[in-house]
Amino acid sequence: MENGRDQASAGHHFDLTMIRGILDHLDQGISVFDARLRLVLWNDRFVTLHDFPADFVRAGMDFEDIIRFNAKRGEYGACDVEEYVRERTGSARQFVSHRFDRVRPNGTILEIIGNPLPGGGFVTTYSDVTVARQVAGNLRESNERLDQMVERRTRALQESEERHRAYAEFLEATVQHMPQGVSLFDADLRLVVANSGFFELTQVPPGFNVPGTPFRDFMLYNAQRGEYGPGNPADLADQRVEMARQMQPHAFDRTRPDGTVIEVRGNPIPGRGFISTFTDITARTRAEESLREAATMARAMLDAPGMIVLLLTLDGTVVDLNQEAAHGIGRAKDDMIGANIFATMPPNVAERRFAHAQQAIFEGRAVYFEDERDGRWYETTMTPYPHDQGGTPRVMVIAHDVTHRHLSEQRLREATALAQAANRTKTDFLAAMSHELRTPLNAILGFSEIIAREMFGPVAERYRVYGQDINSAGQHLLAMINDILDISRIEIGAFTLCIEPVEPRELADSCIRLVSTRAEAGQIRLIEDVAPRLPRLMIDGRRTKQIFINLLGNAVKFTPAGGSVTLRAELPADGGMTFHVIDSGIGMSEADIAVALSPFGQVETGLDRRFEGAGLGLPLAKSLAELHGGILEIRSSPGHGTTVSVHFPASCLEKPA
């Protein structure tokens with residue numbers, strides 16, 4: 001900085017020389033314009049960042065001359081030079097804060113931050129952020145590479161599917177030896193495989209047993225010989241083809257013209273077609289028809305749809321059961337009466353259900369439980385039933401299939417696990433970034449303290465105050481980073497408490513003292529209501545103090561002048577200890593409380609900017625309380641103050657010697 005800048009008055013020579021020395025050693029460009037938009041101060045970095053000619057910048061030059069020079073050499077792209085100069089000059093005369101990035105023609109990216117000066121004028125800083133922006137671009141490229149990795153993994157899965165096709169050939173041999181008729185059609189409804197049992201039961205000619213034969217050919221053949229009743233054979237075949245294309249599970253009994261009853265069960269194979277089984281159930285069907293004709297009204301009530309009902313003796317002998325239960329077991333009702341129900345179950349399932357039956361009978365009350373068998377979940381009630389004439393204990397069993405609900409719960413748990421994994425990734429990122437920030441921040445704190453204390457010699461009062469302000473802001477930022485680290489460690493389970501005996505009264509005194517200065521500045525009365533002879537707590541003293549300082553600080557922050565904040569302790573009936581932070585402040589709604597308890601959540605009130613904050617105090621206090629086995633609760637309503645209660649359980653109180 002030279003020439004024009006040396007025209008300052010001699011009375012300010014010492015200060016301006018020092019200012020020049022400081023500004024010329026900054027990595028940022030600096031320019032200062034007065035209220036008339038005339039250049040009064042700049043550094044060399046300002047000139048080099050803009051590639052101005054050596055003799056271009058001079059003291060007192062107009063702001064519009066600099067804009068015009070830049071516009072003419074294309075710094076702002078294609079534009080009407082004079083129109084652009086008028087626009088920028090008019091904007092500058094508003095003297096408002098501004099911040100933006102500008103890409104120069106040579107590719108350099110400048111971050112420009114301007115702030116108005118008291119009494120008019122503004123100071124602007126210019127930083128070369130080209131590298132930082134390139135880093136962001138590199139991050140995007142990394143994401144693209146990750147997408148490519150996912151694509152390669154997808155191709156590997158496709159190759160795995162090819163190997164499974166080879167395994168299907170092995171399964172074909174197994175199908176041929178099954179006692180039931182089996183057919184498998186692919187997604188295009190063409191025959192893949194069918195065993196001999198299929199052709200024997202359906203009496204379809206073996207000539208159809210050719211891989212690739214369309215499903216419609218089978219349907220048309222059956223329709224033509226009257227298997228599906230009267231109607232146009234082509235239409236009947238097309239109807240069944242359309243139903244098959246839906247690939248839906250199905251089960252039904254089909255009565256052939258000769259009276260044979262075939263049970264047909266079909267299940268889709270995702271992406272591969274469907275498999276069907278055919279079983280001759282003629283004898284079983286006739287037996288069931290006989291039972292239905294003999295059923296009474298009571299039996300009809302017992303066979304309520306969807307309900308499994310059994311009457312058992314304690315040893316598992318079936319006294320009676322309904323049709324739904326028999327169907328679930330897979331045996332006829334007559335066959336099951338007198339049989340042992342536990343013999344039809346896997347040993348581990350039978351053991352559990354026998355224990356429930358014993359409990360119901362011996363305790364004389366209904367026992368409720370949910371249990372799984374063969375992939376199905378059942379909600380079951382076992383109720384004591386009057387003894388028979390021989391005095392044998394009996395139990396009534398009523399069960400409902402709740403498999404669908406369990407599947408929904410499982411999907412919910414999986415979704416929750418994914419959300420937790422995403423949150424854990426966020427926490428790891430915050431922790432890493434916070435660690436990276438602390439290194440330069442410690443340097444800022446150290447150097448600002450040196451300036452503020454004048455450790456290397458006296459400095460101007462203005463610089464000493466600046467040093468104090470920098471140190472204060474740095475300490476605030478360090479506290480916020482520490483809070484982020486604490487929350488991150490808590491969320492990933494890496495936080496350890498240092499348990500020690502703590503006197504409640506001393507803890508309260510210390511916390512009150514630490515916030516008293518802030519309370520006095522806000523004309524807020526602090527009240528301590530903690531008895532001197534409360535039992536000692538076995539807690540982490542430093543972290544618990546952090547809880548109450550956060551709560552007291554928030555209370556002071558949101559309480560208008562003339563209000564009060566109270567710290568109270570009491571011993572509830574459960575044997576623990578509860579602290580209350582009570583303020584007469586502005587209060588919160590239920591929705592605001594939820595926001596305040598979330599990390600980085602801040603409630604907009606109009607008063608919440610008297611002190612800086614990142615929205616971490618309440619979430620951190622809640623997490624620290626829960627680490628002690630305690631709870632944090634908030635009771636509040638708008639305009640009626642707030643009470644935050646921290647409860648420590650009885651396990652946190654020191655046991656008498």
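In this structure Arg411 satisfies the side-chain hydrogen bond (donor to acceptor under 3.5 Å, both in side chains) test together with Ser408, sequence neighbours excluded. Residues meeting the side-chain contact (heavy atoms from CB on, under 4.5 Å) test with His640, sequence neighbours left out: Ser637.
Under the 4.5 Å side-chain criterion, counting only non-hydrogen atoms from C-beta, Trp42 is not in contact with Phe52. Using a 4.5 Å cut-off on side-chain heavy atoms (C-beta onward), His580 and Glu570 make contact. Side-chain contact check for Ser516 versus Leu526: some heavy-atom pair is nearer than 4.5 Å.
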Report all side-chain donor-acceptor pairs from residues 497-505 shorter than 3.5 Å, counting only partners two or more places apart or in another chain.
from: Glu500; atom 1: OE2; to: Gly541; atom 2: N; distance (Å): 3.3
from: Arg505; atom 1: NE; to: Glu528; atom 2: OE2; distance (Å): 3.1
from: Arg505; atom 1: NH1; to: Val530; atom 2: O; distance (Å): 3.0

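In summary, Arg36 and Asp62 do not engage in a salt bridge, as defined by a charged side-chain N under 4.0 Å from a carboxylate O. At a threshold of 4.0 Å, the pair Glu82-Arg68 counts as salt-bridged, since one of the basic side-chain nitrogens sits closer than that to a carboxylate oxygen. Between Arg99 and Glu111, at least one side-chain N (NZ, or NE/NH1/NH2) sits under 4.0 Å from a carboxylate O, which counts as a salt bridge. Salt bridge Arg140/Glu144: absent, no basic N to carboxylate O contact under 4.0 Å.
Residue Arg542 qualifies as open at atom CZ: its count of foreign heavy atoms under 6.0 Å is 12 or below.
Ser584 places no side-chain N or O within 3.5 Å of a backbone atom of Gly563 that could act as its donor or acceptor partner. Panel note: side chain Asp128, backbone Asp27; no donor-acceptor pair is recorded below 3.5 Å. Ser636 places a side-chain N or O within 3.5 Å of a backbone atom of Met588 that can act as its donor or acceptor partner.
The aromatic rings of Phe122 and Phe95 sit tilted relative to each other, their planes meeting at an angle between 30° and 60°.
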